[in-house]
Amino acid sequence: MIPNPGSILPGLMQPAPLQIIDILRFAATAHGSVEVVSRLVEEPIARSTYADELKRVERAASALVRLGAKAGDRIASLAWNTHRHFELFYAVTGLGAVLNTVNPRLFDEQIVFILNHAEPEILLFDKTFLPLVERLAPQMKTVKTFVMLTDGTVHVPGEVGALCYETLLAAETDGFAWPVTDENAGAFLCYTSGTTGDPKGVLYSHRAVVLHAMASGLNSAFGFTAFDVVMPCSSLFHATAWGLPFAAPINGCKLVLPCEKMDGASLQELIVSEGVTFSGGVPTIWTMYLEHLERTGQTPGGLKRLVIGGSAVPRAMAERFKTQHGVQVLQIWGMTETTPLGVIATPTPALAALGEEAIDEAIWTRQGRLQFGIELRVVDEAGNDVPRDGESSGALLVRGPWTIRRYFRAPADAVNDEGWFDTGDIATLDQFGFMRITDRKKDVIKSGGEWISSIDLENIAVAYPGVKIAAVVGIAHPKWEERPLLVLELYPEAKVAAADVLSHMAAHIAKWQLPDEIVFDTVPLTATGKIDKKTLRIRYADRYG
Ligand code: ADP
């Protein structure tokens with residue numbers, strides 16, 4: 001895949017491998033007193049520091065080795081955003097094993113599929129998941145040891161005879177002889193949710209994770225300083241919470257972990273009491289948070305930046321955050337296959353020269369701009385690059401040191417001969433290097449031979465007052481092939497007339513793109529918090545014939 005340039009003169013610098021554990025070792029030394037604060041299941045908030053965390057990670061690694069863990073093994077977790085899960089991120093990978101973070105919101109069959117595909121012998125889980133673990137344990141072919149991420153006060157072994165995490169740590173001593181691990185060794189095994197077909201395993205290497213963590217803190221991306229207080233609200237079980245458990249310690253940022261409590265009031269409590277300056281997650285979480293602020297009249301403390309992605313950011317929400325609360329929303333695009341950060345929308349001088357409105361427009365309606373470390377191409381059906389005019393769309397291809405090469409246990413590479421990975425997204429690129437997703441390939445609507453972007457329609461509809469979530473899906477139509485159907489979920493007590501939403505939309509789009517009708521319904525979400533279009537398409541499949 002990579003051409004051999006012939007004979008080279010070897011460099012004479014140290015070939016020190018990029019290792020994940022070195023991030024925490026660095027933070028413990030350089031930012032040892034910086035806090036890690038964590039909500040827990042059924043336990044009070046835990047407070048520690050990076051120095052404490054390194055000691056706990058050493059003990060966790062010793063305990064795992066005592067339970068039989070060794071380099072190359074997969075070790076699974078079913079856990080929320082807590083400091084114990086954070087510790088596994090370092091302990092498991094530090095000893096040379098692979099942490100298989102399983103998304104507990106998947107269907108039972110998918111969880112069983114993933115565990116039997118990854119083949120872990122040890123499964124560590126939060127107490128919340130005891131019923132799930134008990135129910136599925138008989139189908140887990142390889143798991144022999146269960147560990148509950150609890151302390152002795154709330155621990156119950158359950159039918160699986162789970163060991164207690166804190167008891168295991170207490171039995172060990174500080175210190176662990178970290179092995180030197182090849183930087184290309186696997187470190188995390190994250191499965192895509194498998195909305196089509198079985199989940200697919202993406203095996204991040206140490207090298208990919210460390211490079212990604214270094215790049216994501218840059219000013220052109222998250223822009224971290226040691227004054228930041230970072231609260232990841234993307235899940236640790238979903239593509240390592242955008243690598244925030246690494247980027248925060250690299251930059252000496254205080255880390256706040258909200259467990260599973262992502263409702264507006266719970267987030268507000270931590271944002272204010274812990275001085276959170278930076279957070280991120282899928283749009284639905286921040287829609288709820290904004291609604292909480294508006295309902296209670298509260299202000300978002302010292303929160304300065306919100307990075308939102310996973311699905312398209314509603315422009316109206318980003319605008320309200322800025323104008324009413326002084327919070328800068330930056331959009332991010334990525335996928336499990338890109339560790340997961342692909343691009344992020346941050347301002348540039350070229351945009352600034354056009355004025356503040358141009359900056360807002362770009363960072364709220366584009367998914368991001370080209371970043372070093374991930375190359376982007378948008379190609380037409382013949383594989384040729386489309387013009388960078390912000391209008392011409394095509395398949396989005398990516399390539400780089402934290403982009404997937406092959407799925408775990410797949411017989412062939414997932415990239416073409418030149419290393420390009422087809423993301424399955426349809427996008428445009430503009431002259432400023434900003435990329436805009438118009439749709440996922442499978443969600444594109446084809447009506448009367450023309451393409452309609454579901455994301456564009458959703459963005460316009462969700463700006464209408466009272467609308468909480470807007471989802472647009474293509475429904476088979478006898479005359480037009482497909483027509484867009486708009487499904488709206490409203491805020492409680494909101495009164496919205498379909499005709500008013502349609503006339504609001506008509507001002508922004510061509511008439512033929514306008515949905516023929518609107519249905520008011522609850523919008524189903526996937527296990528990763530995206531609009532579940534597959535379920536909506538099935539629900540309304542026969543609507544037009
Ligand atoms: P899953 O399908 O399991 O949820 P991912 O989290 O890897 O897996 O999903 C990645 C996909 O999410 C991308 O390919 C893209 O379609 C969508 N996505 C991510 N960020 C954005 C964004 N900012 N705007 C629109 N779509 C996005």
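Between the side chains of Thr365 and Arg436, not a single donor N or O lies within less than 3.5 Å of an accepting N or O. A side-chain donor-acceptor contact under 3.5 Å links Ser77 and His85. A donor-acceptor pair shorter than 3.5 Å can be found between the side chains of Ser454 and Asp439. Neither side chain, Asp516 nor Tyr544, offers a donor N or O lying under 3.5 Å from an acceptor on the other.
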| Thr287 and Tyr491: side-chain contact (heavy atoms from CB on, under 4.5 Å), yes or no, with the steps? | CA-CA 11 Å; Thr287 304; Tyr491 284 110; 3.1 Å; yes
| task | Dump the intermediate steps for side-chain contact (heavy atoms from CB on, under 4.5 Å) on Phe321 and Tyr289, then the final yes or no. | result | CA-CA 10 Å; Phe321 264 117; Tyr289 177 66; 3.9 Å; yes
| task | Determine, stepwise, if the pair Gln268 / Leu293 fulfils side-chain contact (heavy atoms from CB on, under 4.5 Å). | result | CA-CA 8 Å; Gln268 172 68 353; Leu293 291 182; 3.7 Å; yes
| task | Report the C-alpha distance between Ile332 and Phe222 in whole Å, list the side-chain angles of each, state the deciding distance to 0.1 Å, and finish with yes or no for side-chain contact (heavy atoms from CB on, under 4.5 Å). | result | CA-CA 10 Å; Ile332 187 183; Phe222 297 153; 4.0 Å; yes
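Between Trp333 and Asp425, some side-chain heavy-atom pair lies under the 4.5 Å cut-off. Residues Leu203 and Arg406 have side chains not in contact (no heavy-atom distance under 4.5 Å, counting atoms from C-beta outward). Contact annotation: the side chain of Phe125 approaches that of Leu130 to within less than 4.5 Å [non-hydrogen atoms, C-beta and beyond]. Between Thr192 and Val202 there is a side-chain heavy-atom pair separated by less than 4.5 Å. Put simply, the side chain of Leu376 reaches to within 4.5 Å of the side chain of Ile374, judged on heavy atoms. Looking at Trp364 and Val329, their side chains come closer than 4.5 Å, going by heavy atoms from C-beta outward. The closest side-chain heavy-atom distance from Tyr191 to His117 is below 4.5 Å. Gln110 places none of its side-chain heavy atoms less than 4.5 Å from the side chain of Asn103.
Here the side chain of Glu481 pairs no donor or acceptor atom with the backbone of Lys446 at under 3.5 angstrom. Of the possible polar contacts, one joining the Thr142 side chain to the Pro120 backbone as a donor-acceptor pair under 3.5 Å is found. Of the possible polar contacts, none joining the Asp443 side chain to the Lys533 backbone as a donor-acceptor pair under 3.5 Å is found. The main-chain N or O of Ala345 is never found under 3.5 Å from a side-chain atom of Gln331 such that the two would form a donor-acceptor pair. At least one donor-acceptor pair under 3.5 Å links the side chain of Thr526 to the backbone N or O of Thr528. Of the possible donor and acceptor atoms, one in the side chain of Asn459 sits under 3.5 Å from a partner among the backbone N and O of Arg315. Looking only at distances, a side-chain donor or acceptor of Ser453 sits under 3.5 Å from a matching main-chain atom of Asp456. Not one N or O on the side chain of Ser447 forms a donor-acceptor pair closer than 3.5 Å with the backbone of Glu450. Of the possible donor and acceptor atoms, one in the side chain of Arg39 sits under 3.5 Å from a partner among the backbone N and O of Ser266. Using a distance-only test at 3.5 Å, with no hydrogens or angles considered, no donor-acceptor pair links the side chain of Glu489 to the main chain of Lys468.
Of the candidates Val147, Leu124, Asn100, Val98, Ile75 forms a side-chain contact (heavy atoms from CB on, under 4.5 Å) with just one, namely Leu124. The salt bridge (Lys or Arg N to Asp or Glu O under 4.0 Å) test with Arg399 is passed by exactly one of Glu375, Glu418, Glu337: Glu375. Among Val313, Asp430, Leu429, the single residue meeting the side-chain contact (heavy atoms from CB on, under 4.5 Å) criterion with Arg366 is Asp430.
His212 has its ring centre no less than 6.0 Å from the ring centre of Tyr204.
The OG atom of Ser279 sits 8.0 Å away from atom CG of Leu244, with the distance rounded to the nearest 0.5 Å. Separating the CD atom in Glu319 from the CE atom in Met317 is a distance of 12.0 Å, to the nearest 0.5 Å. Rounded to the nearest 0.5 Å, atoms CD1 (Ile271) and CE (Met231) are 4.0 Å apart. Note: Leu525 CG to Lys530 NZ = 11.0 Å, rounded to the nearest 0.5 Å. Here the straight-line distance linking atom CD1 of Ile475 with atom CD of Glu517 works out to 9.5 Å at 0.5 Å rounding. We find the CD-CE distance between Glu458 and Met505 to be 9.0 Å, quoted to the nearest 0.5 Å.
Between Ser220 and Ile344 the shortest heavy-atom distance is O-CG2, 3.6 Å. Among all heavy-atom pairs drawn from Thr101 and Leu236, the shortest one is CG2-O, 3.9 Å. Here the closest non-hydrogen pair linking Leu106 and Ala527 is CD2-CB, 3.6 Å. Contact detail for Ile111 and Pro104: the closest heavy-atom pair is CD1-O, 3.8 Å. For the pair Tyr540 and Val487, the tightest heavy-atom approach, listed with the atom from each and the gap, is CE1-CG2, 4.1 Å. Listed here is the closest heavy atom pair of Gly309 and Pro283: O-CD, 3.5 Å.
Classification of Glu269 and Lys261 as a salt-bridged pair fails, no side-chain N sitting under 4.0 Å from a carboxylate O.
Ring pair Phe129/Trp80 is tilted by interplanar angle, where 30° to 60° counts as tilted. The aromatic rings of Trp480 and His477 sit tilted, their planes meeting at an angle between 30° and 60°.
Around the NZ atom of Lys322, the shell of radius 6.0 Å holds more than 12 heavy atoms that belong to other residues, nucleotides or ligands. When the shell of 6.0 Å around CZ of Phe520 is examined, it contains more than 12 heavy atoms from other residues, nucleotides or ligands.
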